[in-house]
Q: 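Provided herewith is a single structure, encoded as structure tokens, for subsequent inquiry.
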There are 2 protein chains.
Amino acid sequence: MYATGEEETVADAEYVNIWMRPERPARGPKPVYSRAQITEAAIRIADAEGLEAATMRRIAAEIGAGAMSLYRYVPSRDNLVELMADRLMGEIDVTGLPSGDWRADLTRYADGLRAMWLRHPWIATVQRSLPSFGPNQLLLIERLMGVLDVFVSIDENLGLMAMLNGYIEGTVREEISSAEEFRRSGLSEPEWMARSYPYIDGLVKSGKYPIFTKIVMEARQPHLSRDDQFRYGLQRVLDCIAAALPATARDN
Amino acid sequence: MYATGEEETVADAEYVNIWMRPERPARGPKPVYSRAQITEAAIRIADAEGLEAATMRRIAAEIGAGAMSLYRYVPSRDNLVELMADRLMGEIDVTGLPSGDWRADLTRYADGLRAMWLRHPWIATVQRSLPSFGPNQLLLIERLMGVLDVFVSIDENLGLMAMLNGYIEGTVREEISSAEEFRRSGLSEPEWMARSYPYIDGLVKSGKYPIFTKIVMEARQPHLSRDDQFRYGLQRVLDCIAAALPATARDN
DNA sequence: CTCCACTGGGTACGTTGTACGCGGTTGCGG
DNA sequence: CCGCAACCGCGTACAACGTACCCAGTGGAG
């Protein structure tokens, strides 16, 4: 980002993504570290202190290396983040999919994806995780899209998965951002509520926002567990998917 | 982020969000600039060159001010981004909502939201836009949630809107990130395809990824216009919403 | 008029990603 | 077995970032 390097060697430009660039060369001394080790360390830091805390110097310190050593393994920090994102995809357990029960399969996937995001909230700040096609993501695509592959065309499958993933990511993003709100402000939830009260109260009292007032005063959903909110919405999405399947597949 | 300022004045800490902090003080000389003007300039830069290009110095230069002058109007860059996000909410035209035709209303909203995101792709990199409650966002909530308010409980309404927004944002995020891919690499689409070919081809030829292969070889959707893809999926989501409404409301 | 809360803005600091180059190590070609 | 090119880890250096701090000027309240 800071670099102005217009000139790039042809060899470097050849690789349009990280996965095309070989990790290990043939000759020379044995590397002390590895991409996997660096990625792991970076994830550990990001989990504990956020993605922005995972600076190159900090990661290097974590594994006991010098700052610039990391560039022997990874071309740039952006690429490292890409490696991290793909590593996370591997955490979603999709062994045994498709099992024959599409509804159970998609529920397991949804729960797994959500749990992974909640374990690593910083993933929400990473864009461009989709068109990267790392090994773990590829495996996930195989398993997940295999679930509906026998019922619908590949195009329809893509559309339905977009809807499912959209719901999951959208919901979890909201969970994460409200949790982030507390962390950033350094306030506890009741303390934050107390601080926000004058603003919220002013809006309510103004009388100009009846629906917002209704949300504040009447809604029980914000008081339900996040898990229940998620499950409820997920059932709706699965119902929608069911409607798109041929009648014979719909029941289980 | 770089500042270590543990000590903060009590007055500053009082304001838990930007909207509670007054823009103009009572006394002293008339300010030359304004929050609105700064926000506008920042959006202009972010649109043209991405959010990361909208640095404090660059924004200040855009309006002809010194770098530090901006801090007279905005406490931090993060807060400025919050202002920018809310300004964008104001671009979604929801006048006349609810009109009585919920399906038309939600379609208009969905198209408006998507168009706004595509005009300002950097919004995808901003988290925490939801719990901020800026003036434009509040107005949007009123209009949008008013559409289904007469049919369903406020809780159900929140759930359905989460699903709708999740679909829209998820879809548009994918559009944006693939466009970003080209911009970042500085390659045209066919050029990028050509560069990626060895990698994709290797995956296909390995025979280990039948579904991925199917996507590459058979899927027509990637060749459809993005608009059509979006419309198709949106109809599915609206069908799903229809199923959650009381029978009397379902038809129009 | 005086006062001082406010203005715009210059300077400076700490932190970031990473280009560059050094001296040491390794494994292959002869 | 030897030489050397290719690779290693890493120290230094630089440009750009957000922003703390400070200062001289300004204009409404007393």
Side-chain angles (χ1 to χ4, degrees), chain A residues 1-9 11-12 21-35 37-38 41-42 45-46 49-84 125 184, chain B residues 1-9 11-12 21-35 37-38 41-42 45-46 49-84 125 184:
Chain A
M1 190 202 304
Y2 302 145
T4 52
E6 287 296 327
E7 300 303 321
E8 205 175 1
T9 67
D12 282 353
R21 188 185 295 251
E23 168 161 17
R24 299 274 305 270
R27 296 243 293 285
K30 285 273 189 289
V32 177
Y33 315 106
S34 69
R35 274 191 189 169
Q37 182 187 2
I38 293 168
I45 296 168
E49 304 166 46
L51 185 59
E52 66 192 10
T55 66
M56 296 306 264
R57 287 169 231 263
R58 184 94 166 64
I59 297 165
E62 176 85 6
I63 62 173
M68 290 312 293
S69 303
L70 302 190
Y71 287 94
R72 294 283 174 189
Y73 301 87
V74 168
S76 73
R77 184 173 183 274
D78 281 355
N79 282 128
L80 175 55
V81 172
E82 223 165 312
L83 292 176
M84 294 165 71
T125 67
R184 173 176 354 208
Chain B
M1 190 201 306
Y2 302 145
T4 52
E6 287 295 327
E7 301 301 320
E8 203 175 2
T9 68
D12 281 354
R21 188 185 294 252
E23 167 160 18
R24 299 276 303 270
R27 297 240 296 284
K30 287 272 191 288
V32 178
Y33 315 106
S34 69
R35 273 191 190 169
Q37 182 187 3
I38 293 168
I45 296 168
E49 304 166 47
L51 185 59
E52 66 190 12
T55 66
M56 296 306 265
R57 288 167 229 262
R58 184 93 166 63
I59 298 165
E62 177 86 5
I63 61 174
M68 290 311 293
S69 304
L70 302 189
Y71 287 95
R72 297 284 172 190
Y73 301 87
V74 168
S76 73
R77 183 174 184 274
D78 281 355
N79 282 125
L80 175 56
V81 172
E82 222 166 312
L83 293 176
M84 294 165 72
T125 68
R184 172 176 354 207

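Keep in mind the model is a prediction, meaning the values are calculated, not measured. In what follows, chains carry the letters A, B, and so on, assigned in the order in which the sequence lines appear, proteins first and then strands, with residues in each chain numbered from 1. These numbers come from the heavy atoms of this one structure, side chains and all, not from hydrogens, waters or symmetry mates.
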Q: I want to confirm an ordering. Mapping A:Met68 and A:Ala53 to their closest nucleotides on DNA chain C, which one lands closer to the 5' end?
A: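 Closer to the 5' end of DNA chain C: A:Ala53.
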
Q: How close or far is atom P of C:dT15 from atom CD of A:Glu52, stated in whole angstroms?
A: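 These atoms are roughly 14 Å apart.
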
Q: Once you apply a heavy-atom cut-off of 4.0 Å, does A:Arg77 come out as touching a base, just sugar-phosphate, or nothing?
A: sugar-phosphate

Q: Under a 4.5 Å cut-off applied to non-hydrogen side-chain atoms, are B:Asn79 and B:Glu82 in contact?
A: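 Yes, their side chains come closer than 4.5 Å.
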
Q: If you find the nucleotide of DNA chain C closest to B:Ala65 and the one closest to A:Ala54, which residue's nucleotide is nearer the 5' end?
A: B:Ala65

Q: Could you state the atom-to-atom distance from OH of A:Tyr71 to P of D:dT12 in whole Å?
A: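 About 18 Å, once rounded to whole Å.
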
Q: With distance as the sole test, does A:Arg77 use its side chain to make a donor-acceptor pair with the main-chain N or O of A:Ala54 at under 3.5 Å?
A: yes

Q: Below the 4.0 Å mark, does C:dG9 have OP1 or OP2 next to a side-chain nitrogen or oxygen of B:Tyr33?
A: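 For C:dG9, OP1 or OP2 has a side-chain N or O of B:Tyr33 closer than 4.0 Å.
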
Q: On a heavy-atom basis, which atom in B:Val32 and which in B:Gln37 lie closest, and how many Å separate them?
A: O-OE1, 4.1 Å

Q: Using a 4.0 Å heavy-atom cut-off, does A:Ser69 contact any base of the nucleic acid, only the sugar-phosphate backbone, or nothing at all?
A: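 Result for A:Ser69 = base.
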
Q: Send over the distance from A:Tyr73 OH to C:dG17 P, rounded to a whole Å.
A: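 Interatomic distance, OH of A:Tyr73 to P of C:dG17: 19 Å.
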
Q: Mind calculating the distance between CD1 (A:Ile59) and C1' (D:dC10) to the nearest angstrom?
A: 16 Å

Q: I want to verify a distance call: between D:dC22, D:dC17, C:dG17, whose nearest atom is closest to the B:Thr55 side chain?
A: D:dC17

Q: Compare the minimum distances between each of C:dG21, C:dT18, D:dT19 and the side chain of B:Arg57, then state the nucleotide with the smallest one.
A: D:dT19

Q: Calculate the interatomic distance between B:Ile38 atom CD1 and C:dG9 atom C1'; express it in whole Å.
A: 13 Å

Q: Judged by atom type as modelled, is there a donor-acceptor pair below 3.5 Å linking the side chain of B:Tyr73 to the main-chain atoms of B:Leu80?
A: no

Q: Under 4.5 Å between any side-chain heavy atoms of A:Glu52 and A:Thr125, yes or no?
A: no

Q: Counting the atoms with a prime plus P, OP1 and OP2 as sugar-phosphate, which does B:Ala60 contact under 4.0 Å by heavy atoms, base, sugar-phosphate, or nothing?
A: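 Answer is nothing: B:Ala60 stays at 4.0 Å or more from every strand.
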
Q: Whole-Å distance between C:dG8 P and B:Gln37 CD?
A: 10 Å

Q: A:Leu70 has an atom CG; how far is it from atom C1' of C:dC20, in whole Å?
A: 17 Å

Q: Whole-Å distance between C:dT16 P and A:Leu51 CG?
A: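 A:Leu51 atom CG is separated from C:dT16 atom P by 13 Å.
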
